[in-house]
**Student:** 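This is the structure I have questions about; it appears just below.
Heavy-atom basis, side chains included; hydrogens, waters and symmetry copies ignored.
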Amino acid sequence: MKTYPSREIEAKWQKIWEENKLYKTPEFPKKKYYMLEMFAYPSGDIHIGHFRNYIIGDAVARQKMMQGYEVLHPFGWDAFGLPAEIAAIERNVHPREWTLSNINVSRSTLKRIGLSYDWDREVITCLPDYYRWTQWMFIQLYKNNLAYRAQSLVNWCPTCKTVLANEQVEQGRCWRCKSEVTKKELEQWFFRITAYADRLLSGLDKLDGWRPNVKIMQRNWIGKSQGVEIDFEIENSDKKISVFTTRPDTIYGVTFMAISPENQLLKELKIDSKHAKAVEEYIRKSIQKSDIERTALGEKDGVFTGVYAINPLSKEKIQLWVGDYVLATYGTGIVMGVPAHDQRDFEFAKKYKIPLKVVIQPEGANLLVDNMQGAYTEPGIMINSDIFNGTWSSDGIQKVNQYVVDRGLGRLKTNYKLRDWLISRQRYWGAPIPIIYCQKCGILPVLEKDLPVLLPEGEIDFIPKGRSPLADVPKFVNITCPKCKGVAKRDVDTMDTFVCSSWYFLRYGDAHNGKEPFSKEKAKFWLPVDKYIGGIEHACGHLLYFRFFTKFLFDIGWLKVDEPAIELFNHGMVLDSEGQVMSKSKGNVSSPVDLIDKYGVDVSRVAMYFSAPSEREVLWSEEGITGAKRFLNRVYALLERMKTNGVEFDCNSISDKEKEIYKHLHRTIKKVSEDIDRLQFNTAIASMMEFLNQFETLSGDAKIYGYCLTVLAQLLAPFTPHLSEEIWSGLGKNISIFKCKWPEYNKEAVKFEQITIPVQVNGKLRSTLVVPVDVGEEEVKIKAVQDEKVKPYLEGKRILKTIFVKNRLINLVVK
RNA sequence: GCGAAAGUGGCGGAACUGGCAGACGCGCUGGACUUAGGAUCCAGUCCUUUAUCGGGUGGGGGUUCGACUCCCCCCUUUCGCACCA
């Protein structure tokens with residue numbers, strides 16, 4: 001058998017699709033479906049992982065088209081950002097040039113794959129007609145007090161020489177260059193995402209179409225925890241310091257307090273000369289440490305300040321220590337140390353010989369301070385706790401809270417791990433922050449009519465120096481104040497790329513709007529996204545940010561929905577055949593271009609779909625291609641073998657064998673339809689292979705031949721669009737297969753007339769019986785008992801019980 | 001450490017609500033057709049056995065007439081968070 005002419009077929013159909021604008025989405029169609037895949041970062045040509053992501057979305061989009069939906073299936077480029085800038089510096093070209101040329105290469109690859117994108121809606125975030133509206137978003141956030149500038153301790157990447165958002169620090173390292181992240185005190189712009197913490201959390205409960213793991217990751221990232229803030233007085237001072245705790249039931253066990261070295265309160269405390277030097281030294285050393293040095297491995301350390309605090313409940317005098325195991329940015333930055341009931345405090349106290357005090361006693365046991373190998377953190381009975389003695393600790397939490405609140409010793413508090421989103425970057429390649437600093441008028445947002453604030457082109461030295469390269473462009477920096485017309489300066493930082501990608505999905509519905517980011521009507525029509533497909537690596541970054549933007553735009557009346565996507569699907573990664581992540585440095589990157597050059601698009605697609613279910617990772621090797629190639633060759637050959645004309649046939653005049661095949665076909669329609677719904681493409685294809693195996697036994701002049709081929713072409717169309725179109729036109733159709741209705745299965749035909757059911761004796765398979773479908777227990781039992789293979793197992797035994805499941809099995813329990 | 005997912009032939013994987021484990025494909029073995037086969041077609045392919053019997057879904061226990069599937073304990077792998085008080 002010759003290989004089918006994939007190259008010609010692909011070129012032919014891609015041209016026809018383009019000429020007929022098959023994938024152009026109309027403006028306000030009757031029945032909409034928004035199929036979105038995460039847009040691409042143009043750091044080179046697209047790789048095999050993109051290929052997988054996009055062909056998954058493409059299959060869904062195509063099936064939806066065939067089901068009568070007008071599908072919004074757009075594509076775009078996340079084109080600003082550090083990686084492009086770094087690559088451009090390495091190659092000594094302008095980031096813009098580098099980015100746009102990558103986009104051109106990648107776009108033409110995507111077009112060669114023949115994906116069903118409406119290219120008229122393409123979005124490129126680094127172009128002024130897009131980033132103008134990114135800046136507009138900033139200004140709306142600013143006007144609503146959700147963008148603010150603050151001096152704070154921020155994550156600093158010493159290699160990239162820029163600050164990073166919390167979400168961009170992975171295990172203490174920069175998400176891009178993997179350098180250890182340090183802290184720096186800087187004044188920066190933040191988005192107040194924490195104002196939405198509760199809604200971002202509760203909104204997750206409504207997202208039934210999101211896989212649970214992403215929701216769990218977001219929940220953990222938001223990290224809501226309810227507790228109480230308790231005030232401690234300082235001895236010989238009128239100052240008070242507060243701690244946050246979720247275990248107020250252990251309050252009588254506090255034997256020290258620890259404050260983080262960065263805490264500003266340290267400067268206000270009166271530390272005597274005996275301790276001051278050691279404290280200062282300790283603070284200096286801690287702040288220099290990287291996050292990794294401070295958190296991982298090493299044992300906890302600290303230094304005593306000489307200051308004492310008073311426990312507001314027990315009135316005991318306790319030592320105040322500085323310890324860099326205390327996080328500066330969580331709670332109040334001060335913790336109460338309960339070494340008997342908190343493992344961290346336990347380690348710290350052991351090291352510095354701080355006393356332990358047991359206040360929670362496990363039921364029926366007696367903890368002895370001297371014998372404790374670790375903290376006891378489980379619930380128990382409160383002891384040594386004055387009026388609370390005898391209370392079960394989990395009830396004690398409520399009671400102590402009440403006590404504290406009633407006496408004004410503290411207040412209930414909810415804390416989140418989620419921090420505000422730091423969005424300024426000291427780099428060139430991003431959307432400039434649209435803010436003006438006027439000596440007289442202060443901080444002013446750029447007037448909306450003056451947008452975009454253009455990124456200066458031309459001779460710019462964008463090699464990182466630790467300050468934004470824009471600071472060195474006087475033409476950019478120095479302007480007149482829009483209010484007083486006096487001397488003013490622009491903000492010289494650019495925005496985190498994740499700001500650009502937080503709203504791109506809204507632009508697709510109205511990609512060329514020059515007056516607004518998007519029209520409200522169009523957004524109302526297209527949103528929410530029906531299905532969003534992308535990698536799971538964005539779980540706590542982009543996928544949180546775009547929810548935040550959606551909620552914000554909902555609040556200010558631009559959107560009618562407050563969650564962006566109904567369904568989220570995270571496809572698995574594509575790894576090399578040894579299970580390694582593909583990367584340029586390892587030289588194990590597979591290119592989809594090589595693949596489609598060698599085998600054709602449809603064969604490559606089938607090989608990828610068939611290799612694993614979509615959510616699972618794929619160890620990619622070309623070995624799997626063979627099966628896909630054979631399969632499609634055999635499908636193509638069906639057309640040449642056909643000797644009948646047309647697809648009509650009379651149900652009453654077909655042979656039994658044809659009837660069998662007809663029924664098999666309808667079971668296949670059912671299976672494929674259901675499998676596409678749950679993105680189980682591997683089993684959808686397997687079922688079509690099974691059908692093909694039977695179909696091939698049919699002679700070319702069989703009455704149902706044409707009909708079977710028609711339906712098979714349709715079922716295959718989401719996966720092999722080019723081949724399906726070719727077969728379709730070969731069958732005499734003169735309209736695209738994607739404009740024709742997706743086949744529906746005949747409910748009668750999918751039923752079996754006869755089925756084979758297993759006969760078990762004591763749960764072990766002994767025989768099988770062929771019986772009419774829906775037959776009753778008695779009839780099956782009679783047959784089963786008489787079965788030659790079953791008989792020996794019944795000899796001399798009594799049937800105690802018969803388990804019969806209709807159309808499933810019969811099990812005889814004997815003794 | 002905490003959280004999540006997963007562990008099935010030589011390999012990728014199937015078995016959706018407990019009901020014939022290994023669909024479908026790759027690979028392999030044998031055969032056919034061929035000057036040739038890295039093309040195609042046919043047959044076989046979990047282990048053991050000539051066949052039956054028996055065993056078998058990471059390991060151990062349990063529930064059940066019946067467990068890859070449910071429950072408990074353990075092991076391994078991958079991912080996420082990582083001193084969040």
**Student:** Roughly how far apart, to the nearest Å, are B:rG31 and B:rA23 at atom C1'?
**Tutor:** 26 Å
**Student:** Starting the side chain at C-beta, find the nucleotide from B:rA4, B:rC65, B:rG19 nearest to A:V813.
**Tutor:**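 Comparing B:rA4, B:rC65, B:rG19 against the side chain of A:V813, the answer is B:rC65.
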**Student:** Check whether more than 12 heavy atoms from other residues, nucleotides or ligands sit under 6.0 Å from atom CZ of A:R808, and answer yes or no.
**Tutor:**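 No, because the 6.0 Å sphere around CZ of A:R808 holds 12 heavy atoms or fewer from other groups.
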**Student:** Would you indicate whether A:R678, at its atom CZ, is surrounded by more than 12 heavy atoms from other residues, nucleotides or ligands within a distance under 6.0 Å?
**Tutor:**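 Check passes, neighbour count above 12.
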**Student:** For A:Y282 and A:D301, which I'm curious about, is there any donor-acceptor pair between the side chains at under 3.5 Å?
**Tutor:** yes
**Student:** At under 4.0 Å between heavy atoms, what does A:R766 touch on the DNA or RNA strands: base, sugar-phosphate, or nothing?
**Tutor:**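 Answer is sugar-phosphate: A:R766 comes under 4.0 Å of backbone atoms only.
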**Student:** OP1, OP2 of B:rC65 versus side-chain N and O of A:T802: anything below 4.0 Å?
**Tutor:**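 Looking at the OP1 and OP2 atoms of B:rC65, neither is under 4.0 Å from any side-chain N or O of A:T802.
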**Student:** At less than 4.0 Å, is any side-chain N or O atom of A:Q760 found next to OP1 or OP2 of B:rC65? Yes or no.
**Tutor:**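 Answer no for this pair, as no side-chain N or O of A:Q760 is under 4.0 Å from OP1 or OP2.
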**Student:** Would you say A:R173 reaches B:rA82's phosphate, i.e. side-chain N/O to OP1/OP2 under 4.0 Å?
**Tutor:**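 For B:rA82, OP1/OP2 do not have a side-chain N/O of A:R173 under 4.0 Å.
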**Student:** Would you classify A:T756 as touching base, sugar-phosphate or nothing, given that sugar-phosphate means primed atoms plus P, OP1 and OP2, and contacts are heavy atoms under 4.0 Å?
**Tutor:** base
**Student:** Would you mind telling me which of B:rG19, B:rG25, B:rC26 lies closest to the side-chain atoms of A:E623?
**Tutor:**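 Given the options B:rG19, B:rG25, B:rC26, the side chain of A:E623 is closest to B:rC26.
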**Student:** Counting distance only, does the side-chain N/O of A:T305 pair as donor-acceptor with the main-chain N or O of A:L320 below 3.5 Å?
**Tutor:** yes
**Student:** For A:F719 and B:rC24, give me the distance from atom CZ to atom C1', rounded to whole Å.
**Tutor:**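 That distance rounds to 14 Å.
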**Student:** Applying side-chain contact (heavy atoms from CB on, under 4.5 Å) between A:E229 and each of A:L412, A:T332, A:V404, A:L409, report the one that passes.
**Tutor:** A:T332
**Student:** Which residue in the set A:F691, A:F695, A:Y745, A:F752 passes ring pair (Phe, Tyr, Trp, His ring centres under 6.0 Å) when paired with A:H664?
**Tutor:**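 Checked A:F691, A:F695, A:Y745, A:F752 against A:H664; only one passes ring pair (Phe, Tyr, Trp, His ring centres under 6.0 Å): A:F691.
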**Student:** If the glycosidic angle sits within 90 degrees of zero it is syn, else anti. Tell me which applies to B:rG37.
**Tutor:** anti
**Student:** By salt bridge (Lys or Arg N to Asp or Glu O under 4.0 Å), which residues pair with A:D324, not counting sequence neighbours?
**Tutor:** A:K289
**Student:** Among the nucleotides B:rC20, B:rC65, B:rG12, which one has an atom lying closest to any side-chain atom of A:P758?
**Tutor:**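 The answer is B:rC20.
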**Student:** Under 4.0 angstrom, heavy atoms only, what part of the nucleic acid is A:P212 near: base, sugar-phosphate, or nothing?
**Tutor:**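 Counting heavy atoms under 4.0 Å across all strands, no contact is made by A:P212.
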**Student:** Just compare B:rG13, B:rC24, B:rG12 and give me whichever is closest to any side-chain atom of A:R616.
**Tutor:** B:rG13
**Student:** What's the closest nucleotide to the A:N811 side chain, out of B:rG13, B:rG66, B:rA15?
**Tutor:**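 Among the listed nucleotides, the one closest to the side chain of A:N811 is B:rG66.
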**Student:** Take the protein atom CG of A:N570 and the nucleotide atom C1' of B:rA4, then report the distance between them rounded to whole Å.
**Tutor:**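 Taking CG of A:N570 and C1' of B:rA4, I get 13 Å after rounding.
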**Student:** Report yes or no: is there a donor-acceptor pair, N or O only, under 3.5 Å between the side chain of A:K300 and the base of B:rC83?
**Tutor:** yes
**Student:** Rounding to the closest angstrom, what is the interatomic distance between B:rA85 and B:rC74 at atom P?
**Tutor:** 26 Å
**Student:** With the side chain of A:T626 defined as its heavy atoms from C-beta on, choose the nearest nucleotide among B:rC65, B:rG3, B:rC26.
**Tutor:**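 Nearest to the side chain of A:T626 among the choices is B:rC26.
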**Student:** Once you round it to whole Å, what is the distance between P of B:rA67 and CG of A:N762?
**Tutor:** 12 Å
**Student:** Measuring only the C1' atom in each nucleotide, how far is B:rC28 from B:rU35? A whole number of Å is fine.
**Tutor:** 27 Å
**Student:** Inspect the surroundings of CD in A:E316 and state if more than 12 heavy atoms from other residues, nucleotides or ligands are less than 6.0 Å away.
**Tutor:** yes
**Student:** On a whole-Å scale, what distance lies between the P atoms belonging to B:rG22 and B:rC71?
**Tutor:**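 Pairwise P distance, B:rG22 against B:rC71, rounds to 25 Å.
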**Student:** Would you indicate, yes or no, if B:rU40 has its OP1 or OP2 atom less than 4.0 angstrom from a side-chain nitrogen or oxygen of A:R630?
**Tutor:**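 Checking A:R630 against B:rU40: at least one side-chain N or O falls below 4.0 Å of OP1 or OP2.
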**Student:** Given the C1' atoms of B:rC47 and B:rC42, what is the spacing between them in whole Å?
**Tutor:** 26 Å
**Student:** Check whether any side-chain N or O of A:N682 sits under 4.0 Å from OP1 or OP2 of B:rA14, and answer yes or no.
**Tutor:** yes
**Student:** Kindly state each residue pair satisfying side-chain hydrogen bond (donor to acceptor under 3.5 Å, both in side chains) with at least one member in residues 215-227 of chain A, sequence neighbours excluded.
**Tutor:**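 Pairs touching residues 215-227 of chain A that pass the test: A:E167-A:W221, A:D198-A:K224, A:D205-A:R219, A:Q218-A:R547, A:S225-A:Y330.
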**Student:** Could you give the CD1-to-P distance, from A:I222 to B:rG80, as a whole number of Å?
**Tutor:**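 About 19 Å, once rounded to whole Å.
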**Student:** Mind checking the P distance from B:rU29 to B:rC65? Whole angstroms is fine.
**Tutor:**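 Per the computed distance, 48 Å lies between those P atoms.
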**Student:** Going by atom types alone, do A:D787 and A:Y793 pair a side-chain donor with an acceptor below 3.5 Å?
**Tutor:** no
**Student:** Enumerate, in order of first residue number, the stems that involve RNA chain B, defined as 3 or more consecutive Watson-Crick or G-U wobble pairs with both distances under 3.5 Å.
**Tutor:**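 Consecutive-pair runs (3 or more) involving RNA chain B: B:1-7 with B:75-81, B:10-12 with B:24-26, B:27-32 with B:40-45, B:58-62 with B:70-74.
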**Student:** Regarding A:L327, tell me which of base, sugar-phosphate or nothing describes its non-hydrogen contacts under 4.0 Å with the strands shown.
**Tutor:**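 Base, at least one base heavy atom under 4.0 Å.
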**Student:** When the P atoms of B:rG59 and B:rA4 are considered, how many whole Å apart are they?
**Tutor:**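 Taking atom P in both B:rG59 and B:rA4, they lie 24 Å apart.
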**Student:** Please pick, from B:rA15, B:rC24, B:rA21, the nucleotide with the shortest atom-to-atom distance to any side-chain atom of A:L765.
**Tutor:**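 So the side chain of A:L765 is nearest to B:rA21.
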**Student:** Which residue lies toward the 5' end of RNA chain B, A:K764 or A:T683, if each is placed at its nearest nucleotide?
**Tutor:**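 On the 5' side of the pair lies A:T683.
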**Student:** Closest to the A:M689 side chain: B:rG25, B:rC65, B:rA4?
**Tutor:**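 Ranking B:rG25, B:rC65, B:rA4 by closest atom to the A:M689 side chain puts B:rG25 first.
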**Student:** Under 4.0 Å, heavy atoms only, any strand: does A:N415 hit a base, just the sugar-phosphate, or nothing?
**Tutor:** nothing
**Student:** Taking atom C1' of B:rG3 as reference, at what distance in whole Å does atom NZ of A:K224 sit?
**Tutor:**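 In whole Å, B:rG3 C1' lies 19 Å from A:K224 NZ.
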**Student:** Nearest whole angstrom, please: distance from the C1' of B:rG18 to the NZ of A:K806.
**Tutor:**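 Value for this atom pair: 19 Å.
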**Student:** Quick check: are there more than 12 heavy atoms from other residues, nucleotides or ligands sitting under 6.0 Å from CD of A:E537?
**Tutor:**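 Above 12, so yes.
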**Student:** Report the distance from atom CZ of A:F695 to atom P of B:rC24, rounded to the nearest whole Å.
**Tutor:** 18 Å
**Student:** What is the distance from CD1 of A:I536 to C1' of B:rG3, rounded to the nearest Å?
**Tutor:** 13 Å
**Student:** Starting at the 5' end of RNA chain B, which residue's closest nucleotide do you reach first, A:C540 or A:I216?
**Tutor:** A:I216
**Student:** Under 4.0 angstrom, heavy atoms only, what part of the nucleic acid is A:V759 near: base, sugar-phosphate, or nothing?
**Tutor:**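 Counting heavy atoms under 4.0 Å across all strands, no contact is made by A:V759.
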**Student:** How far, in whole Å, is B:rG80 from B:rA43 if one measures between their P atoms?
**Tutor:** 47 Å
**Student:** A:A612 has a side chain; which of B:rG13, B:rA85, B:rC65 sits nearest to it?
**Tutor:**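 That would be B:rG13.
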